Every structure is written in structure tokens, then in C-alpha cells.
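Report on the following structure.
In this text, all values refer to a predicted model and were calculated from it rather than measured experimentally.
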Amino acid sequence: MSDLRDRAVLLSGATSGLGRALALRLAAEGCRLAVCGRSPGKLAALVADLALPADRLLARAFDLTDRAAAAGFAEEALARFGKVDILVNNAGANLGKASVGEADLAAFAAMLDLNCTAQLALTQPVWRAMARSGGGRVVNIVSSAARFSVAGIAGYTASKTAFDGLTGVMRREGKPLGIHVTAVYPGGIDTPFRAQARADYLRPETVAEAVVGLLRLPAEAAAHELVLRPPVEDNFA
Ligand SMILES: NC(=O)c1ccc[n+]([C@@H]2O[C@H](COP(=O)([O-])OP(=O)(O)OC[C@H]3O[C@@H](n4cnc5c(N)ncnc54)[C@H](OP(=O)(O)O)[C@@H]3O)[C@@H](O)[C@H]2O)c1
């Protein structure tokens with residue numbers, strides 16, 4: 001898939017940070033885009049910046065943990081473009097940093113829901129369509145939190161590690177179906193995800209560039225994983 005022109009891409013979490021950078025980058029590559037986010041206002045700003053004709057853009061605001069909305073959006077994208085060539089599961093959040101002894105169970109469960117179960121809900125209709133049509137590409141934005149345990153981040157780490165496990169099974173099951181699955185493990189990115197600006201972290205445009213680079217690799221290259229950390233981090237073995 002070296003040329004991304006006219007590829008139909010479904011991208012979640014497109015209203016902010018990495019997802020927004022990726023949406024703009026993929027539009028510049030000539031992709032057709034189905035983008036979603038939670039905030040209608042931020043989605044409207046993205047739509048204005050993308051400036052794509054209606055037949056090349058589908059944009060919907062909804063909460064990804066709403067199962068019917070997630071599945072409905074995936075079905076709408078498939079109907080609009082006739083297929084989805086590339087699915088990027090990017091939406092995610094840290095709903096509260098807490099240690100094991102102090103973690104709020106409701107926040108913990110909500111993170112497992114958003115960062116893992118909701119990803120599957122959005123993926124399933126696309127996955128079935130890809131399987132029927134002979135394949136596709138799935139990129140899951142996990143986190144370096146799934147590869148290196150940091151004290152005090154129990155819920156987010158557990159939820160991203162669950163998503164990582166799901167990604168591994170997707171890769172196995174996708175192989176005979178022609179669905180190629182890539183896990184991306186970013187370290188710190190300077191986005192609104194962070195409570196404070198971090199100029200020493202990765203720029204979202206840099207991570208978007210790396211994801212597009214993976215997508216442009218020819219079909220014989222199965223990129224299973226990409227780990228990308230800012231030089232300031234040393235959370236590796
Ligand atoms: N920033 C980092 O340091 C870092 C590091 C490793 C991995 N990641 C992961 O990278 C991905 C992108 O994060 P980011 O840094 O770009 O964060 P961000 O700027 O906060 O963007 C997160 C995106 O996810 C959407 N989202 C969050 N909760 C949602 C929900 N319940 N329903 C629908 N959409 C929802 C947001 O929508 P709205 O803005 O419209 O609410 C937004 O578009 C996430 O999966 C995150 O976990 C981030």
C-alpha cells in the first residue's frame with residue numbers, strides 16, 4: 001500500500017492531538033476520511049480545516065462507549081465509501097491517575113471500557129467487511145504504558161495492556177483474512193491528553209508522520225509494532 005490516494009480511512013479520536021494531526025496528514029495524502037470524536041465543536045473545526053468535499057469526508061461526534069453509535073458510525077463509513085481500507089483506532093483517554101490502593105473502581109472500569117471494549121465495538125463491523133473483501137489494515141494506538149509499568153497509573157496501564165492483548169489476537173486472526181494489524185506504542189506526546197504542555201515530548205505531527213510511513217510500506221512488509229519515545233524518556237528495559 002505505498003500510495004494512499006483514495007484509500008478509505010476510518011479514524012477515531014480525530015478531534016484532538018494525534019488523531020487531528022493524522023486526519024490532516026491523511027487528507028494531504030489524498031485519503032477519503034471517516035472521522036469521529038466526542039466534541040461537536042472540535043469536530044466542526046477539524047472539518048473546516050480538512051476542507052474536503054462531502055463525498056470524501058464523513059464526520060460524526062459521539063461518545064465511543066455508546067455501542068450503537070460506534071457500530072452505526074462504522075456501518076455508515078462502510079456505506080459511504082463502499083469499504084474501509086484502513087482503520088485507525090486512536091481515541092483514548094486517561095480518566096484518572098491513581099495507585100492500586102487508591103484507584104476509583106468506576107474510573108478503572110470506564111477506562112477498560114473506552115480504551116479496550118469500545119475499540120472492539122468500533123472495529124467489529126469494519127473487521128467483518130475487511131474479512132469479506134479480502135483484507136485491510138488496522139492500526140491500534142496503544143501506549144508505551146502497555147510495555148513498561150509506571151507506579152500510580154493503574155487504570156490507564158491496565159486498559160491499554162488489555163487493548164494490547166486484543167491487538168495481538170487481532171493480528172493472529174487477521175493474518176489468514178488478509179487483515180494486517182499494527183500496534184503503535186507512543187511514549188509521551190505533547191497533546192491535550194497531558195495536563196501541561198510538554199515541549200520535550202513527541203509532537204503529534206511526528207507520530208502521525210510515522211504512522212503514515214507504516215501505512216505506505218508495500219504489502220510484503222508486515223509491520224507488527226512501532227515503539228516511538230521522545231529522547232527524554234528512559235522507560236525501556
Ligand atoms: N499524549 C500522550 O502522551 C500519549 C502517549 C501514548 C499513547 N497515547 C494515546 O494516543 C491516543 C491519542 O491521544 P492524544 O494524545 O492525541 O490525546 P487527546 O489530544 O486527548 O485526544 C484524544 C482523542 O480521543 C477522543 N476521545 C476521548 N474519549 C472519548 C470518548 N469517550 N468518546 C469518543 N472520543 C473520545 C477525543 O475526543 P474529544 O477531544 O472530542 O473529546 C480526542 O479526539 C490515545 O489513545 C492515547 O491514549 C497518548
Legend entry - Exam field: side chain Glu225 to backbone Val184, donor-acceptor pair closer than 3.5 Å: no
Inset, instruction - Indicate, with yes or no, if Val227 and Val138 share a hydrophobic cluster defined by side-chain heavy-atom contacts under 4.5 Å among Ile, Leu, Val, Met, Phe, Trp and Tyr. - result: yes
Legend entry - Check: Arg198 side chain, Gly188 main-chain N or O, donor-acceptor pair, under 3.5 Å: no
Legend entry - Whether Arg67 side chain and Ala121 backbone form a donor-acceptor pair below 3.5 Å: no
Inset, instruction - Kindly say whether Ser12 contributes a backbone atom to a donor-acceptor pair with the side chain of Asn90 at under 3.5 angstrom? - result: yes
Inset, instruction - Establish, yes or no, whether a centroid distance under 6.0 Å links the rings of Tyr201 and Phe193. - result: no
Legend entry - Side-chain (Arg147) to main-chain (Ala237) donor-acceptor, under 3.5 angstrom: no
Legend entry - Those residues that, when tested against Phe163, pass ring pair (Phe, Tyr, Trp, His ring centres under 6.0 Å) (two or more places apart): none
Legend entry - Criterion salt bridge (charged side-chain N to carboxylate O under 4.0 Å, His left out) against Glu29, the qualifying member of Arg216, Arg5, Arg7: Arg216
Legend entry - Criterion salt bridge (charged side-chain N to carboxylate O under 4.0 Å, His left out) against Asp49, the qualifying member of Lys42, Arg20, Arg25: Arg20
Inset, instruction - Treat each ILVMFWY residue as a node, draw an edge where side-chain heavy atoms are under 4.5 Å apart, and state whether Val139 and Leu202 are in one component. - result: yes
Inset, instruction - Would you check if the side chain of Thr157 reaches a backbone N or O of Ala154 as a donor-acceptor pair within less than 3.5 Å? - result: no
Inset, instruction - Answer with yes or no whether the side chains of Asn140 and Thr167 bring together a donor and an acceptor at under 3.5 Å. - result: yes
Inset, instruction - Give a yes or no on whether the backbone of Ile86 and the side-chain of Arg137 come within a donor-acceptor separation of less than 3.5 Å. - result: no
Legend entry - Lys/Arg N to Asp/Glu carboxylate O, Asp66 vs Arg38, below 4.0 Å: no
Inset, instruction - Under the salt bridge (Lys or Arg N to Asp or Glu O under 4.0 Å) rule, what do Arg56 and Asp6 come out as? Steps first, then yes or no, please. - result: CA-CA 9 Å; Arg56 301 187 70 82; Asp6 291 330; 2.8 Å; yes
Legend entry - Interatomic distance, Leu18 atom CG to Arg203 atom CZ [nearest 0.5 angstrom]: 12.5 Å
Legend entry - Sub-4.5 Å side-chain heavy-atom contact between Leu87 and Trp127: no
Legend entry - Contacts of Tyr185 that satisfy ring pair (Phe, Tyr, Trp, His ring centres under 6.0 Å) - sequence neighbours left out: none
Inset, instruction - Only counting residues at least two apart or in another chain, list the ones meeting salt bridge (Lys or Arg N to Asp or Glu O under 4.0 Å) with Glu75. - result: none
Inset, instruction - Applying side-chain contact (heavy atoms from CB on, under 4.5 Å) between Cys31 and each of Leu11, Leu215, Val9, report the one that passes. - result: Val9
Legend entry - Backbone N/O of Lys97 and side chain of Glu102: donor-acceptor pair under 3.5 Å: no
